[in-house]
Structure formats: C-alpha cells, structure tokens
Amino acid sequence: MAAELVDPRALPPPPSGAHPVRIAGRYGLLVVAAVVVAFPIYVAVAVSIQPSDRLLRFPAVLIPGDLRLDTFERAFTQARLGRYLVNSAVVSLVITAGQLVTSILAAYAFAYLRFPAKRVLFVAFIATLMVPSEVTIVANYETVQRLGWLDSYQGLTVPFLATAFGTFLLRQSFLQVPRDLRDAAALDGYGHWGFLAGVAVPLARPMIAALGVFSFLLSWNQYLWPLLITNDDAYRTVQIGLKALASTNIDQLNVIMAGTVIAALPIFALLVLFQRQLIRGLTSGAVKG
Amino acid sequence: MVGPDEGDVAVAVSPRREWPLALLMLAPSIAVFVVFVFYPLGRTVWLGLYEVDPFGNRYWAGLGQYAEVLSSPAFRGSLWTTVVFTLITVPAGLVAGLALAVLAHRRLRGIAVFRTLFASTVATSVAVASLMWLTMLNPSTGVVNQVLKALGQDPINFLGHPSWALPAVALATVWLHLGFTFIVMSAGLQSVPDELLESARIDGAGPWMRFWHVTVPMLSPTILFALVVLTISAFQSFGQIDLLTQGGPLGHTNVVVYSVFRNVSSNPGVASVQALALFVIVLGLTLVQFRYLERRVFYGS
C-alpha cells in the first residue's frame, strides 16, 4: 500500500478543463471538513492558553486573547506531569526497544532457520493476535500482583516485550531479501549473526523503523493496563496522569487542556518527523484504543 | 499469507543443526507469549469457575457461574450497550473516513495541509481525545453548550443525560478513530488505477456512478479491513468510557470492557466470564465478517 500521505504527486490531477466553480466547491467542502475535524484540537489549544474567566465568554473564547502560559506551569505543579512524562518515555522506549529485539530475532528464525515444529510455532505466534488484551487482563493482573510488579516499570513493560504483529511484518521483509545475497553472504563466510546484523537488518530497515514508530505510538497511548496496575503517582504514565489532573482540577479546564496538549505533543512530533514510517505501520494493520 | 516453510532456503553456512540457534532466537518471544497470553487465557477460563466473596475467599462455583453471569441482566445490559455503541460508531466512522479520503483525493494546491489535518486525530490518544471532548461538552463552560446558549437553547448535560451520554461518547470515538480511517482509506484510494476511472468517465459514467461502480468495488478490501479493525476496537472501547462517563448515567454507557475492569480485582470470577464472552463474540464476529464479506470483496487486479 502507498506509504505516502501528503505527497500530492501520488494523487490524480483535477480533470482537464474542470470548471473553476467545481474546484472552488471542492475547496469549500475541504475547508468545512477541516474545520469540523480540527475543531476539538483548536478548542483544546485555545482553552489551554487563556485565563479561566475568559472561558465563559462566547465567542471570545474561540478567538484567544489575554494569552497566558502559566496554565502549562500549573499543569506541572498541580499534578506531577513531569514525572508522568518521564514514566511514559521510559515505558515506551523500553517496550519499543524490547519489541524490536524480540521480533527481529524471532522473525530471523522463522525466515532463515530450519527447526522442528516451525509451522506450529508460527501459527501459535499468529494466534496471539486473536487474543485481545481485554481478555487476559484478569489473569495478568493476578500474575503481576503475585510477582510484586504492581506499581513498577516491570509490570508496565514486560507483558508487552514481544509482538506477533512485528514478528510477522519483519519475517515478510526478511523473506524479500534476494536469494543471491544470502548465497553470497554464505560464501563470504558470514555466520547467521553476521548475516543478521550485516545484511538482513540493514535491508529491512524501513520496516523496522515503521515498526519502531508504531510500537512507540501504541505504548505511549496505552490506557487500560497502566490504569489497572498503577496506584502510585510515581509510576503513573502520562495518559493516566491526565485522568488524575482532570479529576483534581475539574473547574480549571485551561489547566486540564494544557496538560492534555503536553501529553499529545510527543506523538504529534512523531507524526511530523516520521510520517512515512507511521503511515506504513498503520496501513499494514493496526488498532488503537 | 506465505507459509513459513518458504523461508527455509537457509544461509547454510555450515550443515550444523540449526534448532539450538532457533530456540535461542525464539525464546524471548515465546516466554512473553506463554506467560502473558497463553497461560492467562487458560487461567481466565479457570478463574471463571470460582466465586470470590467480599473477604477475598475463593469458592468453587463451577460452570454455574458462567450460566449465571451470562444470563444476568447486568451482563445482558452491558452487552446490549456495547452492540449499540458499535452499531453507531462503526458505520459512522467508515462513512466519515471514506468521505474525507475521497474529498482529499485530488492534486490541488494546499491539499497536503488538508490531508495532514484529516490525519491529525491519529496523534491523539484515547485519554487526550476524551479530555478534549470532556472540555467541549462541559455542561457550563463547554463550547458546545455555549453555542447552544447563543442560539437561545437550554444547555444540555450531554455526558450526564441517559439518552445523550452514549451518542456523545460515540461521537468522541468516531473522531478519535477518524485519522486512522482516513489514512487507511486514502492509501486504498491511491491504489485505484486512474485509468479505470478515466475510461468509466469516457464511457459517460457520472461521478456518482464512478464512485459506486468503480471506486467502491476496487476499495472493498480496504473497507473490509477498516470494518474489521473498527468493529474490534469498538467492542474493546474503554478509555473514553472511563474518562467521560464512568459507565453512567445509570449504566447507560457501561460497556463490557468497563464492567470487566470494575470487577478485575474485586470479583475476578465474574470479570473472567465477561471477558471470555467478549473474546468469543469478537472472534466470531471477525470470522463472520471475513467469511461473508470476503465473497463480496473484489481482489482482482
């Protein structure tokens, strides 16, 4: 599938001789749609930079004036937003790195090695995709509790250190490595580790990058599991921290929105910087929730 | 799907046995899957057989607990809520995503800006999106109610009103997934050959005809994919419920996953049965979607 989101060259040109009125009409629809879709984001930013008393004045609230940035400061002092952000960064980076390592290794074994029960194991890997995390949380909560991992980085990361989706994706990439290249590498005396590090991984880099960006996005945005296993402020991720911020500052919508904007920023940055990888990850099969 | 054996053309540096290396490479993944996917799946079935009293003591309840939970009005109610929620969000999401993708599928000046905006909700997590809607729908200071006031209407407490709460949460959910649906539909549209649309146009087919008879059939695999993903995620919705309504008012937004969450530590037996029921339903639904819709999907070149 096309991994291009905003390259206009990938789009068909307007039909030759299209009437200017029709083009204007399409622009009109595009503008209306853009306003509707972006409205919640606009309101969030607008609310976050204004003092509370302005929020009740309509339509003034939609045209930000009397700009304040102390709301952002208060989001950091009224909830431990800094700590939550650090936690989210640690958890997401550990999960991303872990998933890349485990899925590269597993994908390599499935693509290049001969061993008994390979097909059965592969099917077992794929089967894990059919089990949504909502089904296993009851027992996983019990496991993590027994291990003493409630309120810990282990509890937040270890259950997610393997990915069947990533293994499948990378296996497909590895299989596309031309056979000549494998034969040549073998002739040059490359062992499996040498071939993995020197040939297979570099060639699969676009897919590995896509998987990395995608894993980071999913772990940063996780909600149910971190909510379930953390009570201690010190281990809350930013998504759960937002809930705490919102419930303790109900009457300060501007502070809540400031926190929300901060929590969303890393992912917006990711979207801007790694758009191509992200689109590739999303279009090769994804769920968000 | 390519069978796993096709990768067997080994790099055969040496004829030595490869299974120890394979085991080493697979071990980390297998360990995680065994401990956090397969074991808990079995354990959940087992936990469903036990009842837990308020003091944390466990009693054997047997299959009776399954029958009891599945036939309870509470579970039926939350399942019904989940189904209604799915029936609102999935069709609305598909139509909106496809409409945006079609609208933005033209090489016009500035189109990149529009496409980025349409995709932007992909960057919002469920918590971020929910809090944005919580702010907009706030009964006194929210923008939506201020608009209503300006129009001379009484403000509505959307999230606290029995008949408004579910549609309001559904709206937030459609918006949350819109970026994803737009991206997927756009990618699908880019694979519809222009020549096909052009020749349909030359044959005298109007825009509507071309859309229904060329674009939609060519796009059907993408639409099926989006349908399956959106349905699964609708059945698993949790964050928006937790942040917007906590299942209220009066259980009107108490979807299955929310009720599982509430029972996890206090009543794992009941939570297990509910979770398993959800699993079976979603799995069944996915298979049905693939089986019956796949026939109507056009995979040709």
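Because only heavy atoms are used, hydrogens play no part in the values below, and waters and symmetry mates are left out as well, while side chains stay in. Residue numbers start from 1 in every chain, and the chains themselves are labelled A, B, ... in the order their sequence lines are given, proteins ahead of strands.
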Q) chain A: which of B:Leu100, B:Thr286, B:Thr135, B:Ile30 shares the most heavy-atom pairs with it under 4.5 Å? A) B:Thr135
Q: Name the option with the most non-hydrogen atom pairs under 4.5 Å to chain A; the candidates are B:Asn263, B:Val143, B:Leu276.
A: B:Val143
(Q) I'd like to verify something: which residue of A:Val261, A:Thr128, A:Val144, A:Thr102 has the highest number of heavy-atom pairs under 4.5 Å with chain B? (A) A:Thr128
Q. So what's closer than 4.5 Å to chain A heavy atoms on B:Ser265: side chain, backbone, both or neither?
A. both
Q. Hey, what do you get for CG (B:Leu189) to CG (B:Leu219), rounding to the nearest 0.5 Å?
A. 5.0 Å
Q. Does A:Arg171 count as lying over the ring of A:Phe122, i.e. NZ or CZ under 6.0 Å from the six-ring centre, within 45 degrees of the axis?
A. yes
Q. For B:Leu24, is it the side chain, the backbone, both or neither that has a heavy atom under 4.5 Å from a heavy atom of chain A?
A. side chain
Q | Test item: A:Tyr112 side-chain N/O and A:Phe174 main-chain N/O as donor-acceptor pair under 3.5 Å | A | yes
(Q) Does any backbone or side-chain atom of B:Leu103 lie under 4.5 Å from a heavy atom of chain A? Answer side chain, backbone, both or neither. (A) both
(Q) Does any backbone or side-chain atom of A:Met257 lie under 4.5 Å from a heavy atom of chain B? Answer side chain, backbone, both or neither. (A) side chain
Q. By a 4.5 Å heavy-atom criterion (distance strictly below it), what part of A:Phe268 contacts chain B: side chain, backbone, both, or neither?
A. both
Q. For A:Ile104, is it the side chain, the backbone, both or neither that has a heavy atom under 4.5 Å from a heavy atom of chain B?
A. neither
Q.
Less than 4.5 Å to any heavy atom of chain B: does that hold for the side chain of A:Leu270, its backbone, both, or neither?
A. neither
Q | Residue part contacting chain B, namely of A:Glu142, when any heavy atom lies under 4.5 Å | A | side chain
(Q) Under a plain distance cut-off of 3.5 Å, with no hydrogens placed, do B:Gln274 and B:Ser259 share a side-chain donor-acceptor pair? (A) yes
Q. Heavy-atom distance under 4.5 Å to chain A: side chain of B:Asn138, backbone, both or neither?
A. side chain
Q: Identify which part of B:Val228 has an atom lying under 4.5 Å from any heavy atom of chain A, answering side chain, backbone, both or neither.
A: neither
Q) Where on A:Ala164 is there a heavy atom nearer than 4.5 Å to chain B: the side chain, the backbone, both, or neither? A) both
**Q.** Max heavy-atom pair count under 4.5 Å with chain A, selected residue of B:Ala277, B:Ser237, B:Ser272
**A.** B:Ser272
Q: Measure distances from B:Val260 to the heavy atoms of chain A and classify the residue's part below 4.5 Å as side chain, backbone, both or neither.
A: side chain
**Q.** Segment of B:Leu21 engaging chain A (4.5 angstrom heavy-atom cut-off)
**A.** both
Q.
Tell me if the centroids of the rings in A:Phe125 and B:Phe33 come within less than 6.0 Å of each other.
A. yes
(Q) Is B:Leu41 close to chain A through its backbone or its side chain, or both, or neither, when contacts mean heavy atoms under 4.5 Å? (A) both
Q. Relative to chain B, which segment of A:Ala264 carries a heavy atom at a distance below 4.5 Å: side chain, backbone, both, or neither?
A. both
Q. What part of A:Val158 lies closer than 4.5 angstrom to a heavy atom of chain B: side chain, backbone, both or neither?
A. both
Q) chain B heavy atoms under 4.5 Å from A:Val37: which part of the residue, side chain, backbone, both or neither? A) both
Q) For the side chain of A:Thr260 and the backbone of B:Leu131, is there at least one donor-acceptor N/O pair under 3.5 Å apart? A) no
Q.
Taking side chain as everything from C-beta outward and backbone as N, CA, C, O, which of these in B:Met132 sits under 4.5 Å from a heavy atom of chain A? Side chain, backbone, both or neither.
A. both
Q. Below 4.5 Å, heavy atoms only, C-beta onward: do A:Leu224 and B:Val257 meet side chain to side chain?
A. yes
(Q) Less than 4.5 Å to any heavy atom of chain B: does that hold for the side chain of A:Leu30, its backbone, both, or neither? (A) both
Q | Pairs of heavy atoms under 4.5 Å with chain A: top-ranked of B:Trp19, B:Phe38, B:Phe235, B:Phe114 | A | B:Phe114
Q) Using non-hydrogen atoms only, which part of A:Thr143 is less than 4.5 Å away from chain B: side chain, backbone, both, or neither? A) side chain
(Q) What part of B:Trp133 gets within 4.5 angstrom of chain A, counting heavy atoms only: side chain, backbone, both, or neither? (A) side chain
Q. Of the backbone (N, CA, C, O) and the side chain (C-beta and beyond), which part of B:Leu47 lies under 4.5 Å from a heavy atom of chain A, both, or neither?
A. side chain
Q) Which one of B:Ala31, B:Gly110, B:Ser120, B:Pro28 has the most heavy-atom pairs closer than 4.5 Å to chain A? A) B:Ser120
**Q.** Among B:Val147, B:Leu23, B:Val256, residue most engaged with chain A (heavy-atom pairs, under 4.5 Å)
**A.** B:Val147
Q: Could you tell me the separation between the CD1 atom of A:Ile23 and the CZ atom of B:Arg106, rounded to the nearest 0.5 Å?
A: 9.0 Å
Q | A:Leu196 portion near chain B, given a 4.5 angstrom heavy-atom threshold | A | side chain
Q) Which bit of A:Trp220 is near chain B, if near means a heavy-atom gap under 4.5 Å: side chain, backbone, both or neither? A) neither
Q | Heavy-atom closest contact (B:Thr121 atom, B:Leu176 atom, distance) | A | OG1-O, 3.3 Å
Q) If you take all heavy atoms of B:Val126 and A:Tyr223, which pair is closest and at what distance? A) CG1-CB, 3.8 Å
Q. Quick one: what part of A:Val31 sits under 4.5 Å from any heavy atom of chain B, side chain, backbone, both or neither?
A. both
Q. For the side chain of A:Tyr42 and the backbone of A:Leu62, is there at least one donor-acceptor N/O pair under 3.5 Å apart?
A. yes
Q: Measure across B:Arg210 and B:Leu197 and return the closest heavy-atom pair with its distance rounded to 0.1 Å.
A: CD-O, 3.5 Å
Q: Please flag which part of B:Val102 lies under 4.5 Å from any non-hydrogen atom of chain A: side chain, backbone, both or neither.
A: backbone
Q: State, to 0.1 Å, how close A:Leu245 and A:Gly259 come at their nearest heavy-atom pair, and which atoms those are.
A: CD2-CA, 3.8 Å
Q. Given a strict heavy-atom distance threshold of 4.5 Å, which part of B:Ala104 is in contact with chain A: side chain, backbone, both, or neither?
A. both
